[in-house]
Amino acid sequence: MIVLLSKEILAVATEPEIILFRNRTRELAIKIGMGLVNQTKLITAASELARNMIRYGGGGTVTLEVISAPKTTGVRLTFRDEGPGIADLSLAMRDGFSTGKSLGLGLPGAKRLANEFSIQSEVGKGTTVTITRWKNG
Amino acid sequence: MERIPVLKMGQFLLVTIQVDLYDRLALGLEDDLINMVSRTDARGVLIDISAVNIVDSFMGRILGNIAAMSRVLDAETVVVGMQPAVAITLVELGLTLPGVHTALNVEKGMALLRTKIGSVSTGEETPHDRIVE
């Protein structure tokens, strides 16, 4: 059973807002005692997803939650945009695929860096990505 | 606009990144560095990222670009001081920084640069080395 310990929502639509959001994510990770490597993985994944949200989704919001499971605590981040959506999710999740000029590591890389990852997208409606990183995952 | 300072030391350009990088700042650095390599005839670029807490795919791409562009301008790039947690994360992310030389610290990075450009000078300007090579 997962219990929600705290929840806040940040708007992320500009690059400086990514920095604020990354710092806030780090604060939460430190607060629950997450180790440095896991912190770094979480924040790197967060940075990838926030950039995607700005570049492809026109910006959106991130919900930052501290959650507790029976034996551990973690940080859960939910990225929501109302952009054009992703037409082919399995293609977007493939390493090296990009519709922009990037390396195409954002989504698959973020998935590898998180303990849990889910994505929903509807063309014309937007995209929601959720990642969780457990304190000792 | 905010900028990351680039220092010239002999044949080398030194950059120490001490702030959180956002994309535009990183792009500005790429621009500044390449222009300075061309303007100052630098043979090596040393980028110290020991104060950088995260390197994501964008930042990784910028480092790769700097190395590739410098290479074309006859300069080598060494990235030094990467934190272990950043290294672990980079590899898991899928980014192995191909074409970018790395060293553990500034001292080793400088030594590597000197070997790379085949010079035993201590960073003094030695324009004739280039002709002899």
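Note: the hydrophobic cluster containing Leu33(B) also contains Leu73(B) (ILVMFWY, side chain heavy atoms under 4.5 Å, direct or indirect links). By the criterion of side-chain heavy atoms lying less than 4.5 angstrom apart, applied directly or through intervening Ile, Leu, Val, Met, Phe, Trp or Tyr residues, Ile86(A) is grouped together with Val62(A) in one hydrophobic cluster. One hydrophobic cluster holds both Ile18(A) and Val129(A) under the rule that ILVMFWY side chains link at heavy-atom gaps under 4.5 Å. Under the 4.5 Å side-chain heavy-atom criterion for Ile, Leu, Val, Met, Phe, Trp and Tyr, Leu63(B) and Met69(B) are members of the same hydrophobic cluster. In the hydrophobic clustering of this structure, Val3(A) groups with Leu77(A); members are Ile, Leu, Val, Met, Phe, Trp, Tyr whose side-chain heavy atoms approach within less than 4.5 Å, directly or through other members.
Between Thr44(A) and Leu90(B), the closest side-chain pair of non-hydrogen atoms is not below 4.5 Å. Arg55(A) places a side-chain heavy atom less than 4.5 Å from the side chain of Asp23(B). With a 4.5 Å cut-off on side-chain heavy atoms, Asn53(B) and Arg26(A) count as touching.
Between the side chain of Glu48(A) and the backbone N or O of Asp56(B), no donor-acceptor pair lies under 3.5 Å.
For Ile19(A), the part sitting under 4.5 Å from any heavy atom of chain B is the side chain, from C-beta outward, and nothing else. Contacts of Arg51(A) with chain B are made by side-chain atoms alone, with heavy-atom separations under 4.5 Å and no backbone atom involved. Heavy atoms of Asn38(A) lying under 4.5 Å from chain B are absent altogether. Proximity to chain A (any heavy atom under 4.5 Å) is shown, for Leu95(B), by both the backbone and the side chain.
Atom CG in Asn52(A) sits 12.0 Å away from atom CZ in Phe58(B) (nearest 0.5 Å). Once rounded to the nearest 0.5 Å, the distance linking CG of Leu27(B) with CD of Glu15(A) reads 8.0 Å. Between atom CG of residue Leu93(B) and atom CZ of residue Arg112(A) there is a gap of 6.5 Å, rounded to the nearest 0.5 Å.
Atom CD of Glu27(A) is surrounded by more than 12 heavy atoms from other residues, nucleotides or ligands within 6.0 Å.
Among the candidates Thr40(A), Ile43(A), Leu42(A), the single residue satisfying the side-chain contact (heavy atoms from CB on, under 4.5 Å) test with Thr89(B) is Thr40(A).
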Check: Where do Ile88(B) and Lys41(A) land on the side chain to side chain contact (heavy atoms under 4.5 Å, CB included) test, with the steps shown first?
Finding: CA-CA 8 Å; Ile88(B) 293 168; Lys41(A) 288 179 181 178; 3.9 Å; yes
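Across Leu21(B), Val86(B), Val55(B), the residue that shares the most heavy-atom pairs under 4.5 angstrom with chain A is Leu21(B).
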